[in-house]
Structure formats: structure tokens, C-alpha cells
Amino acid sequence: MKILEYNGPWDMTLGEAPKPEPGPNEVLLKSESVGICGSDVHGFTGESGRRKPGMVMGHEAVGTVVSIGKGVTSLKPGQRAVIFPTLGCGVCEYCKKGWEHICPNKRILGVNAGKWGAMADFYTCHERQAFPFTEEVNPDVGLFAEPLAVATHAVNLMQPAQGDILAIVGAGTIGLALTMVLRDRGFEKVFALDKIDDKLALAAKFGAIPINVDRETPAAAIERLTGRQRLPGVFEAVGAAATVRAAYDLCDFGGTLVLLGNLAKEFTLPLQGVTSNETTIKGSYGFNRDDFAAAIKLVSKYQKTLEVLISGTCTLEETPGVMTQLAKGERQAVKIVIHP
Ligand SMILES: [Zn+2]
Ligand SMILES: [Zn+2]
């Protein structure tokens with residue numbers, strides 16, 4: 001079978017590997033749709049250090065079960081599944097609390113070295129990682145279960161009060177997913193901040209109030225529309241030092257800042273502000289199984305809206321070129337889907 005091998009920064013090639021066999025409690029899937037995630041692009045360039053040479057990427061995935069290993073009871077061959085990429089160790093205190101996503105010994109399909117991902121003709125995963133997915137929804141749209149679960153998790157961590165006015169810094173895939181989750185939960189005023197008008201136009205389609213930070217000072221724009229400069233909840237979905245600071249500056253006294261962006265190694269915040277304003281700062285990473293199940297429901301509910309996010313498709317052969325274009329910023333895309 002064909003696999004897409006990551007050899008090191010800016011280097012990805014098509015290779016051959018024997019078709020894997022599902023081990024006990026594992027399923028073998030035929031790869032149908034694989035999303036190119038921002039984290040794959042930052043891993044491809046070596047910038048994040050989160051992808052290791054010799055691996056196969058691909059953690060946003062929908063596939064069809066081809067065969068099942070010993071002991072598998074939840075899935076049958078022929079069934080379509082959307083992949084929950086994380087597999088916790090199952091025995092540590094975090095896993096026991098349902099926090100598989102922060103298990104120190106977790107393995108993530110297509111992210112950790114040693115567990116090949118979906119950028120291949122076939123791949124295996126534990127049956128716990130394959131959530132049944134309806135045949136009635138476009139499999140490409142099923143990929144949005146991942147960013148919607150990331151957003152669901154972050155919103156659950158913030159626990160905004162009904163009626164709160166909220167802001168999201170960054171209108172990329174995660175920013176849009178946050179908009180969708182918040183609007184679905186009845187939050188009427190959600191501001192989306194970005195520099196790119198195309199992204200802001202999509203955020204507006206998803207129900208956010210767009211602010212182009214190159215043209216308008218966010219606090220001034222928010223004040224004009226709400227009468228206040230600071231908000232009780234702000235999500236940061238870029239991960240650069242400057243955008244974290246911008247998000248913090250919008251966060252009100254006693255407010256909550258949830259950080260999802262994951263790029264800069266360090267950032268600086270004013271200590272006196274954080275302590276004396278009683279700012280709550282929470283990191284949000286990935287999602288748990290409940291978040292994922294909730295996100296799969298959102299995918300079905302909003303499939304028509306989500307379809308506009310698919311900017312293009314490519315084959316495995318074309319993927320290295322597409323990755324390069326995305327990394328160089330030569331192509332602006334919300335989601336490119338690989339069809340192996
Ligand atoms: Zn992803
Ligand atoms: Zn664990």
C-alpha cells in the first residue's frame with residue numbers, strides 16, 4: 001500500500017509499506033478522507049517539533065472498516081468511522097478521570113512517532129478510537145468532528161454564563177469551530193478577530209461579528225458595538241506571543257482566557273494585571289471522548305455550513321506539494337482533504 005512518509009523538515013515522500021494487520025482490539029480501516037491540519041503543516045516545516053522523521057501523519061480521518069482484530073465488538077467490516085486520534089494508557093490517574101487527552105503516555109494517531117496515521121491507503125487503530133459515523137453525511141465533512149471537539153472542549157473549560165459577550169482571537173479552523181459551538185449554545189455576540197478578510201468573511205457566515213485587527217483596534221470596535229472594552233471570556237486560537245497578549249488585553253476583570261493556540265514556546269503577560277484583575281487563564285489541549293461525541297452530532301446538524309470550509313481535495317501523491325504551498329503561505333485554505 002502507499003504511505004506518505006515524513007522524512008524531516010520540508011521533506012515528505014510517497015513510499016510503499018505492507019498493508020497492516022489489525023491486532024487484538026484493533027480495526028483496519030481503508031482511508032477515505034484525511035484532513036491536513038494546521039498542526040501537520042507546522043510539524044512538516046519542523047517549526048513545532050511535534051512530528052518526527054519516519055512517521056506517517058494524518059489524525060483527522062474518516063475511513064471504512066475493512067477487517068477487525070480479535071475481541072472487537074463495537075464495529076463491523078463495511079462500517080464507516082470517524083477517528084478519535086488519542087489513545088490513553090487506560091491505567092493512569094488521568095485516564096481514570098476520562099482525561100485521556102492529557103495522559104502522559106498517550107499515543108496519538110498520526111502525531112506520535114510509532115503510531116502511523118491516516119495519510120496512507122490503510123491504517124489501524126484501537127476500536128475505542130473509531131466512532132461510528134453515518135453514511136448520510138459527506139465523509140469529508142466528518143473531518144470537522146476534530147476541530148469541533150477541540151472547540152467544544154475549550155468552551156466546556158471556560159463555562160461562559162448565558163448571555164456573555166465573547167471574543168475569539170484567530171479565525172482559522174479552530175476559531176470557526178469555536179464560533180459554531182458558541183452560536184449553537186445560544187451565545188449571540190461572539191467577536192472574531194483576524195487580519196485576513198477571507199477568514200473573517202467565513203467567521204461572519206458562521207455567525208461571528210468580524211473585526212479586522214489591521215484596520216481597527218479590537219477594544220475600540222468592541223466598545224462601539226457593546227459599550228464595553230473588555231469581555232468576560234476570550235479564546236486565543238493562534239498561539240503567537242502577540243496574539244496571546246492581544247487576547248489577554250480584551251479579557252475583563254474576573255474574566256477567563258482560554259488558550260488553544262500552540263505555536264510560541266513562551267509568552268509574556270503583565271503579572272500585576274493577571275493577579276489584581278483575577279484573570280483565569282486555562283490551557284486547552286485536544287478533547288475527551290464526550291467532547292468528540294458531541295462534535296459528531298454538530299457535524300450532522302451543520303453539514304451544509306461545514307461544506308463551505310472544504311477548500312480543495314488532493315491525492316496522496318499531490319500532498320507534499322500542497323503541504324509546501326500551505327507552509328509557504330502560497331495557498332490560503334481552510335481545509336484541504338486528502339483522498340488516498
Ligand atoms: Zn488537527
Ligand atoms: Zn493514561
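What you see is a predicted model, and the numbers here were worked out from it, not measured in a lab. First listed ligand is number 1; within each ligand, the first listed atom is number 1.
No close placement of the Y302 and F206 rings is indicated, their centers lying 6.0 Å or farther apart.
Look at E60 and the Zn ion (ligand 1): an N/O/S atom of the residue is under 2.8 Å from the metal.
For the pair N288 (side chain) and D291 (backbone), a donor-acceptor distance under 3.5 Å is present. In terms of modelled atom types and a separation under 3.5 Å, the side chain of R183 and the main chain of F187 share a donor-acceptor contact.
Rounding to 10 degrees, one finds that the Zn ion (ligand 2) sits at the corner of an angle of 110° between C92 SG and C95 SG. The Zn ion (ligand 1) lies at the vertex of an angle of 110° between the SG atom of C37 and the NE2 atom of H59 (rounded to 10°).
The one candidate from I168, L178, L231 that meets the side chain to side chain contact (heavy atoms under 4.5 Å, CB included) condition with V190 is I168.
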